[in-house]
Visitor: 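To start, I am sharing the structure in question, which I have written as structure tokens.
Since the model is a prediction, treat every value here as computed from it, not as a measurement. Residue indices begin at 1 and follow the sequence shown.
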Amino acid sequence: MESTDTLRKLKEQAETNALKRLQYEFSTPDQLEQIEQHILRNEKTKNMIESQLKSAIQSHFISVNSCMDQLKEINGNIKEVKNTIYSIQEEYKTISHLENTLGELRKEATKHKQLKSAKENVQNILNVKDLAKKAEQYIDDNNLLLAHKCLFDMEKCKNDILEELGNPSDKNHNIDDIKLVEEFFKKVKQLQDILHSNIFLIIKRMLEVSKSYPNQLVTALRIISREEALDEYWTKKKEETGFSPSDRPKRWKEECKETIRQTIETKIQGCWVDERDTNEKWFSNNLARINSRFLDDLEIVKRLCEPCFPPSYKIFEFYVENIINSISNHFHLLLDSNQLKDREFYILLSWSEAYKSKDFLGNPKFNIDLNKLPNILDDDHYKLALDRYLEYTNSNIKVWFQNTLTKNYNEWLTNKEPLLIDGCYESNIPNDLYSMLFQQFTFTDLIKDDRFFKEFVKYILSNLNIFHESLRGKLFDFKTCNSKPNEPSNEIITRMIASSNDCLRLKSSILELRDRFDTFMDKDEIGGPNDKYELLGSKMTNLSELCLDLIIEEMIKCLDEQYFKVLLSREWLTNNQVCDTIINTSTDFMQDLRYLRPVSQLKFLIKWHNRIKVEYMKGFFQNLSITKMLRKCQFTDPQERRLFTSKVEKEVAYLEDWFKRMATTLPDNKNAFDFESLRLMNKIVSSDDLDFLYVEIASLVKKCPNMTSEMLFGLLSLRGDVSRSEYKEKFEDCIKSEGPTTSSKTGHKETRVDAAITILKKELKIQ
């Protein structure tokens with residue numbers, strides 16, 4: 001039923017496919033004209049397929065008939081075999097009683113076989129005792145080669161007899177015969193054991209023997225080679241006959257190598273003399289002992305032992321390999337049992353690289369291919385040692401940094417004068433940190449492992465970042481301890497000068513260490529956004545500039561109340577001493593600030609010039625509604641305004657000249673000081689033509705694009721002739737239209753923002 005349904009579905013599917021094909025092939029009138037050609041072609045195809053199908057069915061039937069004939073033949077053969085087995089079983093029942101009857105005959109046959117074997121080996125049997133005595137005497141005389149020859153003859157006699165007796169797995173094999181032969185040749189076994197002991201004692205002491213009696217070492221190796229040949233002979237014999245002596249194969253070559261391996265291991269243990277309890281340098285002393293001991297051994301193996309050994313032993317390579325393996329196993333045991341601590345992990349890691357140096361295996365006279373040498377520590381133990389050493393290093397550096405900072409801070413509190421280095425004040429911090437870091441980087445560089453170095457750098461930079469924050473905190477603590485209410489503190493100024501210089505020294509030290517040791521860093525990354533050294537250096541630069549800001553805070557104390565706060569007020573207008581006092585005070589402070597580094601002196605002058613500009617700007621913006629300044633005045637009288645602006649112009653010129661004189665000897669001082677914004681503000685105040693005022697305002701807004709509309713109105717209020725409504729009508733749009741719309745990616749040069757305006761807005765909290 002199921003097959004009928006399948007045929008029906010196949011037929012329906014074929015009809016559907018045929019219909020689709022007809023629709024596709026005869027979809028146009030041109031194709032309908034070719035219908036006769038399609039019919040003929042399909043008829044030919046149909047006839048060909050039917051012919052192939054008939055041929056395949058006929059071939060299948062022929063094969064089936066042939067298989068049926070073969071099955072009939074096989075069935076007949078099976079019946080014939082079955083009948084034959086049945087006949088054999090019936091016949092065996094009639095003769096089974098003969099097994100007991102022939103028992104006596106079997107015994108006689110066994111006795112005959114023993115006598116035949118004894119007759120054939122009678123001469124050798126009679127000579128066994130004489131050969132045993134000779135062998136014993138040869139051994140006593142240390143003539144091991146002749147002793148082995150005698151033992152070989154006796155062993156051959158024994159094995160021939162045992163072979164005649166038959167295969168031990170044979171059912172007719174007599175165990176008593178074996179025991180009888182073994183008892184007779186017992187002396188041979190004893191002498192073989194003695195010879196074995198002597199030979200392997202020579203192998204064990206091969207370094208000493210090769211120096212005094214190399215012929216003994218050669219003899220021992222020749223005997224081992226003969227035994228290896230006998231092992232090979234009996235192995236083939238067993239494959240052919242099934243017989244092999246019970247003591248074969250002896251594998252003396254393997255035992256020879258194992259003896260050498262154990263000797264090396266014993267020497268390793270012998271070098272491990274010192275203990276931590278008795279000697280704090282126990283680990284490095286033990287490693288030095290290993291280095292010295294095996295350096296001598298390798299020279300002897302290369303020069304004396306290698307000529308004695310057969311080339312197949314590759315004795316020098318074997319000795320080197322097992323030295324490495326034995327040391328490696330010992331190191332793994334030390335790590336697994338937690339016997340190492342602190343700096344001993346570094347000693348282990350550095351030695352695991354240094355063993356390939358010319359002081360040990362890298363010695364040119366050994367001519368070892370160092371690239372083929374395995375690592376002393378496997379990956380897991382190497383990672384364990386690295387992690388332990390990194391933990392120790394991180395903890396040690398953290399404590400050392402903290403102690404260094406604490407020690408120096410305590411020295412600060414004594415107000416001890418800083419060190420004078422190259423004409424600049426400094427503390428011990430840069431030198432102390434650089435010495436410590438240089439030592440750590442040098443240690444790490446000896447290990448030559450990129451993963452370890454990267455982890456080490458991460459820890460170092462992390463601790464330096466912590467040190468940077470701690471140093472910053474200590475600077476503020478020192479300022480708090482030494483600050484005076486209304487007068488500058490010489491202690492603070494001196495300390496900030498030294499600390500500013502320290503930070504710059506630290507930055508240069510950090511970058512120097514990067515360039516000298518960090519060979520894993522891509523050249524393209526140096527100085528880029530991913531350069532962590534550079535980022536830390538930038539933090540140190542910022543901290544150096546913070547010290548300059550703290551100096552400025554101290555300077556302001558003696559100028560703020562009496563001088564800065566009266567700038568551009570009516571009191572200032574009639575007092576010609578204000579600007580002179582600011583200049584003279586600045587000159588006095590510059591005597592101390594000459595101990596800054598030149599680059600910091602210039603930065604300080606720029607910061608101080610911005611501070612003075614801010615104070616003047618406060619005067620220009622004194623009428624801002626958001627300010628709480630005491631001075632609030634307007635210069636409505638044109639003559640008074642001219643007096644005001646003339647005085648401002650002179651003081652700005654005076655200040656500009658002073659700053660240029662102070663920076664004459666400093667590098668990169670060109671265009672460092674810019675008072676143009678003050679001049680533009682002054683022009684706005686001095687202008688007599690309100691219509692032309694728009695041009696002056698546009699120039700100021702272009703110069704100070706970060707100035708707000710409220711600030712501009714505050715500036716115009718100083719004139720006293722511009723109301724807020726007039727300002728909104730005539731001038732407010734100016735600050736919007738002239739305001740910059742620059743972008744760093746437009747390709748145009750960005751407008752330089754006046755730093756003083758930014759500082760002022762921050763102080764007055766203007767958004």
Side-chain angles (χ1 to χ4, degrees), residues 556 560 564-573 607 609-638 640-641 644-645 647-649 651-652 674-743 750-767:
I556 290 175
D560 195 31
F564 281 157
K565 285 190 176 180
V566 301
L567 282 173
L568 277 59
S569 65
R570 295 191 183 279
E571 180 184 347
W572 161 82
L573 195 60
K607 286 176 176 290
H609 119 278
N610 280 325
R611 168 47 54 188
I612 292 176
K613 283 171 61 179
V614 166
E615 298 302 330
Y616 272 89
M617 286 179 181
K618 286 179 181 179
F620 278 116
F621 299 129
Q622 58 187 284
N623 292 309
L624 274 173
S625 59
I626 59 173
T627 62
K628 297 181 180 180
M629 291 181 287
L630 295 176
R631 53 183 180 188
K632 283 185 180 289
C633 56
Q634 293 179 333
F635 300 95
T636 56
D637 181 27
E640 190 178 30
R641 278 206 304 271
F644 172 91
T645 55
K647 186 175 176 62
V648 170
E649 185 65 29
E651 291 187 358
V652 168
D674 182 11
F675 288 91
E676 185 63 22
S677 56
L678 294 182
R679 288 193 174 95
L680 291 172
M681 291 178 187
N682 198 38
K683 286 181 180 180
I684 290 174
V685 177
S686 66
S687 178
D688 294 330
D689 187 355
L690 288 179
D691 294 331
F692 188 73
L693 196 59
Y694 190 94
V695 177
E696 302 292 351
I697 292 173
S699 298
L700 176 63
V701 171
K702 187 175 181 180
K703 180 65 179 177
C704 304
N706 51 339
M707 191 169 66
T708 66
S709 176
E710 190 66 26
M711 293 171 73
L712 179 58
F713 177 69
L715 175 61
L716 290 172
S717 298
L718 193 62
R719 293 173 53 89
D721 57 355
V722 179
S723 64
R724 183 172 287 276
S725 59
E726 190 176 6
Y727 165 74
K728 288 182 176 293
E729 180 182 348
K730 293 183 177 181
F731 306 116
E732 187 174 32
D733 291 341
C734 179
I735 198 165
K736 296 178 181 178
S737 61
E738 294 295 334
T741 57
T742 58
S743 172
E750 287 191 64
T751 303
R752 184 177 176 182
V753 176
D754 194 299
I757 292 287
T758 304
I759 296 170
L760 180 63
K761 288 173 68 176
K762 184 177 180 181
E763 290 186 6
L764 300 181
K765 299 180 180 179
I766 299 175
Q767 298 296 325

Visitor: Give the minimum heavy-atom separation between Gln622 and Leu718, together with the two atoms involved.
Guide: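 So the two residues come closest at NE2-CD1, 3.5 Å.
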Visitor: Minimum heavy-atom separation for Leu568 and Cys633, please, with both atom names.
Guide: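 Closest pair (atom of Leu568, atom of Cys633, distance): O-SG, 4.0 Å.
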Visitor: What do the steps show when you test Leu678 against Phe620 for side chain to side chain contact (heavy atoms under 4.5 Å, CB included), and what is the final call?
Guide: CA-CA 9 Å; Leu678 294 182; Phe620 278 116; 4.1 Å; yes
Visitor: Determine, step by step, whether Leu715 and Leu700 satisfy the side chain to side chain contact (heavy atoms under 4.5 Å, CB included) criterion, reporting the C-alpha distance in whole Å, the side-chain angles of both residues, the deciding distance to 0.1 Å, and the verdict.
Guide: CA-CA 11 Å; Leu715 175 61; Leu700 176 63; 3.5 Å; yes
Visitor: Taking the ring centre of each residue, are Phe644 and Trp572 less than 6.0 Å apart?
Guide: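 That pair passes the under 6.0 Å test.
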Visitor: Under 4.0 Å between a Lys/Arg side-chain N and an Asp/Glu carboxylate O for Lys761 and Glu710?
Guide: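 No, this pair does not count.
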Visitor: Can you find a pair of side-chain heavy atoms, one from Asp721 and one from Leu716, that are under 4.5 Å apart?
Guide: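 Heavy-atom side-chain distance check fails, nothing below 4.5 Å.
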Visitor: Check whether the side chains of Asp754 and Ser677 place a donor and an acceptor atom closer than 3.5 Å, and report yes or no.
Guide: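 Side chains of Asp754 and Ser677: pair found under 3.5 Å.
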Visitor: Report yes if some heavy atom in the side chain of Ser699 is under 4.5 Å from a heavy atom in the side chain of Lys702; otherwise report no.
Guide: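 When only atoms from C-beta onward are counted, Lys702 and Ser699 do not touch, as no gap falls below 4.5 Å.
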Visitor: Answer yes or no: is there an ion pair linking Lys683 with Glu649, defined by an N-O contact shorter than 4.0 Å?
Guide: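 The answer is no: the pair does not qualify as a salt bridge.
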Visitor: Check the pair Leu567, Lys618 against side chain to side chain contact (heavy atoms under 4.5 Å, CB included), reporting the backbone distance first and the verdict last.
Guide: CA-CA 8 Å; Leu567 282 173; Lys618 286 179 181 179; over 6 Å; no
Visitor: Assess whether a salt bridge exists between Lys565 and Glu615, defined as any Lys/Arg side-chain N lying under 4.0 Å from an Asp/Glu carboxylate O.
Guide: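 Glu615 and Lys565: not salt-bridged.
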Visitor: Hey, does the Lys NZ or Arg CZ of Arg570 hover above the aromatic six-ring of Phe635, less than 6.0 Å from the centre and inside 45° of the axis?
Guide: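 Checked: cation-pi criterion met.
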Visitor: Nearest 0.5 Å, please: how far is CD1 in Ile697 from CG in Leu712?
Guide: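 Nearest 0.5 Å value for the CG-CD1 distance: 5.0 Å.
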Visitor: Between Asp674 and Lys703, is a side chain to side chain contact (heavy atoms under 4.5 Å, CB included) present by the stated rule, with each step listed?
Guide: CA-CA 11 Å; Asp674 182 11; Lys703 180 65 179 177; 2.4 Å; yes
Visitor: Determine whether Tyr616 and Glu651 make a side-chain contact, defined as any pair of heavy atoms from C-beta on separated by less than 4.5 Å.
Guide: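 A side-chain contact exists here, since the closest heavy-atom pair is under 4.5 Å.
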Visitor: Considering only heavy atoms from C-beta outward, does the side chain of Arg611 approach that of Ile759 to under 4.5 Å?
Guide: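 With C-beta onward as the side chain, the pair touches.
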Visitor: Quick one: pull up CE in Met681 and CD1 in Ile757 and give me the separation to the nearest 0.5 Å.
Guide: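 With rounding to 0.5 Å, CE (Met681) is 4.0 Å from CD1 (Ile757).
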Visitor: Kindly give the heavy-atom pair with the smallest separation between Val685 and Arg719, and that separation in Å.
Guide: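 Minimum heavy-atom separation between Val685 and Arg719: O-NH1, 3.0 Å.
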Visitor: To the nearest 0.5 Å, how far apart are CZ in Phe675 and CD1 in Ile612?
Guide: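 The CZ atom of Phe675 sits 6.0 Å away from the CD1 atom of Ile612.
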Visitor: Any side-chain donor paired with an acceptor under 3.5 Å for Tyr727 and Ser717?
Guide: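 Not at all, the side chains of Tyr727 and Ser717 share no donor-acceptor pair under 3.5 Å.
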Visitor: Could you check whether any side-chain heavy atom of Asn706 comes within less than 4.5 Å of a side-chain heavy atom of Cys704, counting everything from C-beta outward?
Guide: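 Yes - at least one pair of side-chain heavy atoms lies under 4.5 Å apart.
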Visitor: Quick one: closest heavy-atom pair of Leu760 and Met711, and the distance?
Guide: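 Heavy atoms only, the tightest pair is CD2-CE, 4.0 Å.
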Visitor: Side chains of Arg641 and Asp637: closer than 4.5 Å at any heavy-atom pair?
Guide: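 They are not in contact (no side-chain heavy atoms under 4.5 Å apart), so the answer is no.
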Visitor: Contact between Leu693 and Ile684 at the side-chain level, heavy atoms closer than 4.5 Å - yes or no?
Guide: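 The answer is yes, as the side chains (C-beta and beyond) meet within the 4.5 Å cut-off.
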